[in-house]
Every structure is written in structure tokens, then in C-alpha cells.
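In this text the structure is predicted, and so the values were computed from the model without any measurement.
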Amino acid sequence: MSKRTQVVIIGSGPSGLLLGQLLHKAGIDTIILEQKSKDYVLGRIRAGVLEQGAVALIEEAGAGERMRREGLPHDGTEICFGGVRHRIDFKGLTGKTVMVYGQTEVTHDLMDVREACGAPTVYEAEDVAIHDIATDNPRVTWTKDGRREEIACDFVAGCDGFHGVSRRTMPADILRTFERVYPFGWLGVLVDKPPVSEELIYVSHERGFALCSMRSHTRSRYYVQCNLDEKVEEWSDDRFWDELKSRLDTRAAAELQTGASIEKSIAPLRSFVAEPMRHGRLFLAGDAAHIVPPTGAKGLNLAASDVAYLSQALIEHYRNRSDAGLDAYSQRALARIWKAERFSWWMTQLLHNFPDSSGFDRKIQTAELEYLFSSKAAQTALAENYVGLPY
Ligand code: FAS
Ligand code: PHB
């Protein structure tokens, strides 16, 4: 194993893999250190909707061929309230669309192109630790098959998600965090049945939020809002389908094709931002720096814009010997992150049942939805955030 590289990337999720490919294409050497196995990473069911900016980056990384073939372009979405579905016309209102293509597939495609170009990834790298980030000679250590390894580098990209080691390496007196934890979770089910509708359906219902999504014309993804203390074992498939149907409009409930779940999990919802996203030679990207509730389908897409900014800055450092991009990275990324945090928080407030909400809160929620359905300006505001604000 080489004892030196230019950029060490921690984490083989979408952030790390996308950054690795964009740097590789610019001739910059990287190594990715991933704590889990490749199969474990590919086994996680996560995001489903890509903004055009993320699609363009995946194409630029040379991993867009299957996405172009199998991805589903969507011109709009529906919001169901009071048993009535209202369509938000992304294309008509913004001229833009989104691409429905699962994060698992994005990850798989990026892993394939990385392996094809021979760039190194160490899976099951244990005890990754980052050293000397405040100097010009950072290094990273880890354990693999019981052996301690070390590599020197110019920069470390912390792409290791919310529970990773990178954010924890930032000096506590420098790091500021902002957080809101929501009093409910999402119970998600993956099923090999055709989707109930051509487009996604976001549901606001007195029993709780629900979402009808998909991965292809034959594989669907459904969610229902659930209490934080619920266990996935308490939810049989039948109980899940009955609960979902009780929240859908009459037509969707009648047309829903149910079946045996091939994945079932509960995800907590939180809004979280860590500032700054850089200290010395360490740069945070993706979930390592921020989390959004999935209501606005922003998580994966924010990881993409972080990686766009960071890859441009690193390429500028090596190609033009300029650190202007690196010095501006945190502020530039945070400007877009906070707008997506706002939108994701707003969509979550709009569509979920909050256990402690007052009668006034529920009246405001109803007024917000009725205003949305009656105002082209309000629908345009939702649409321009959902398809993705400019990079
Ligand atoms: P990831 O968390 O994807 O990847 C980080 C990688 O780093 C992981 O492979 C991890 O194993 C590795 N790692 C962690 N610690 C390490 C260490 N110490 N050493 C080495 N490696 C380490 N977003 C949406 O847009 N829509 C959704 O529906 C949606 N659903 C989600 C459901 C769940 C349960 C979760 C947790 C997230 C969901 N997200 C969703 C957000 C999700 O898609 C993230 O935004 C996306 O995975 C971000 O990618 P990364 O930044 O690469 O982080
Ligand atoms: C998904 O398909 O998993 C999905 C889609 C849109 C969201 C959240 C999740 O807002």
C-alpha cells in the first residue's frame, strides 16, 4: 500500500464515491477508507430522488449510463390532503424535472466505475483516525485484518456520514452545531410491486404522514409516519398495508398493489448542521456535516452540491496552485445547505402530525396547505426548492 496520497476520503457512500471519481478524472490521487463491507453499504436503502445537479455530477463522474437507461424522470409530484390529490407541476412552474433513481443504484454505479479505473478503496477499515489536520502534513491511520496502516496526504475529505469520525475530529471549541429532532420517525417498506401512481404522492392525514414513492416500474417504496418508540418488529406487512391504505385517498387505496416487503426499517428524523465544514486540511461533506428530514428529498442532493464545491476547490488547488476555493468552501456550501434545511423543515412541518401541536397549529397547517393549493406563487416556491436551488 502506498504510504502517501493526495486526498484521503473517509466513507464509501455517495459523497465519498462521487468525490473520488471527480478527483480521479482530474488526475488527483485518492484512497477511500470505508468501515463497512461493500455489501453492507449496498444493503442500505436510502434516498430515491435526484436533482438535476446531482444527475449532472453523476454523469460527469462517468457513472450515468445505467441511470440514463433505468432512471425515471418526473415532471411533478402530488400532495394529498383531505383525501384530494393536488399536483405540483415542477416542469410547468420551473422548467426543471427530477430523476427517480435509488441511492443504492447510484452507489453501485459509482463503485463500479471506481473499481474500473483502479482507484483504491479499503473496505472494513477499522478504527480510522485522522491526525495533524492543523498542519500541512495530515495523516490517517486505520486497522485492516488486524494490521495497523498509516498514510500521509495533503487533504482529508470527511465523507463518513452522521456517525463518522471526521466531524468528531474537529476541535470542539471551533465546531458549532444546530439541531432539531422531530418527535416521530418514518417506517419504510420496499416491495416488488408496481407503484400505485406514476408520480410520488406525499400525504397529509390526521393519522399521520405517508409517502408513495418508487425505484422502478416494478419496485415501490412506501413510508408511514410512526412514533419514535415503535419497533419495526411490531409492524407486520399486513399492518403496514392497512395503515398506509387508511391514509391514502380512495383511488390510491383501491389501486395499491401490496406484497411481501423486501426491506422494512424505521428512520428517525432530524435537522442538523455542523459549522464550519473545514478545519485546516480536513473538509466535511454530505451527512458528516448536515442532516435533513427526508420529506424534501434533499439529503443525497446536498451531498452532491458539497462534493461539487469541494472537488472544484481541490482541482483548483492542484491545477492553479490557488486555495481560493478551499478557503471559500465552507461558507459557499453552508449557504446552499441552510436553504435546503429550511425547505426540508418546512415540508416536514407542513405534512406531519406533531403530537404536541395545538388546535391553532393544526389550523395554521390547514391554512398553509390550502394556500399552497390555491397559489401559483406558493407552488412555484415549493417546486423550485424541490427540483433544487442553483449550485
Ligand atoms: P452516508 O452515511 O451515506 O455514507 C457515509 C459512509 O461512511 C458509510 O458508508 C459509513 O459506513 C462510512 N463511515 C462511517 N463512519 C466511518 C468511519 N469511522 N470510518 C470509515 N468509514 C465510515 N436522503 C434523501 O434524499 N431521501 C431519503 O429518502 C433518505 N432516506 C434516508 C434514510 C435513512 C435511514 C438515512 C440514514 C438517510 C436517508 N437519507 C435520505 C439521507 C441519505 O440519503 C444521505 O443524505 C446520504 O446517504 C448522504 O451520503 P453520504 O454523505 O455519503 O453519507
Ligand atoms: C424515496 O423514494 O425513498 C423518497 C422519495 C422522496 C422523499 C423521501 C424518500 O422525499
Colleague: Tell me if a side-chain donor or acceptor on Lys298 pairs with a main-chain N or O of Asn385 at a distance below 3.5 Å.
Modeller: yes
Colleague: One thing to verify: whether Glu275 and Arg176 come together as a salt bridge, which I'm taking to mean a side-chain N less than 4.0 angstrom from a carboxylate O.
Modeller: yes
Colleague: Output yes when a side-chain donor or acceptor of Asp192 lies under 3.5 Å from a complementary backbone atom of Ser261, and no otherwise.
Modeller: no
Colleague: Any salt bridge linking Lys144 with Glu126? Criterion: basic side-chain nitrogen under 4.0 Å from a carboxylate oxygen.
Modeller: no
Colleague: Atom CG in Leu282, atom CG in Leu284: separation rounded to 0.5 Å?
Modeller: 5.0 Å
Colleague: Is it true that atom OH of Tyr40 has more than 12 heavy atoms of other residues, nucleotides or ligands lying nearer than 6.0 Å?
Modeller: no
Colleague: Angle class for the His317/Phe155 ring planes (parallel below 30°, perpendicular above 60°, tilted otherwise)?
Modeller: perpendicular
Colleague: Heavy-atom count check: over 12 atoms from other residues, nucleotides or ligands less than 6.0 Å from Glu230 CD?
Modeller: yes
Colleague: Can you find a heavy atom in the side chain of Val387 that is under 4.5 Å from one in the side chain of Thr97?
Modeller: no
Colleague: Output yes when Arg87 and Asp89 qualify as a salt bridge under the 4.0 Å nitrogen-oxygen rule, no when they do not.
Modeller: yes
Colleague: Testing the basics here: between Ala333 and Asp306, what is the closest heavy-atom pair and its distance to 0.1 Å?
Modeller: CB-OD1, 3.8 Å
Colleague: Determine the interplanar angle of the Tyr329 and Phe283 rings, folded into 0 to 90°, and report it as parallel if under 30°, tilted if 30 to 60°, perpendicular if over 60°.
Modeller: perpendicular
Colleague: Ring-plane angle category for Phe343 and Tyr386, please: parallel below 30°, perpendicular beyond 60°, tilted otherwise.
Modeller: perpendicular
Colleague: Using modelled atom types and a 3.5 Å cut-off, is there a donor and acceptor pairing between side-chain atoms of Arg336 and backbone atoms of Ser305?
Modeller: no
Colleague: Any idea how Phe373 and His86 line up, ring-wise: parallel (<30°), tilted (30 to 60°), or perpendicular (>60°)?
Modeller: parallel
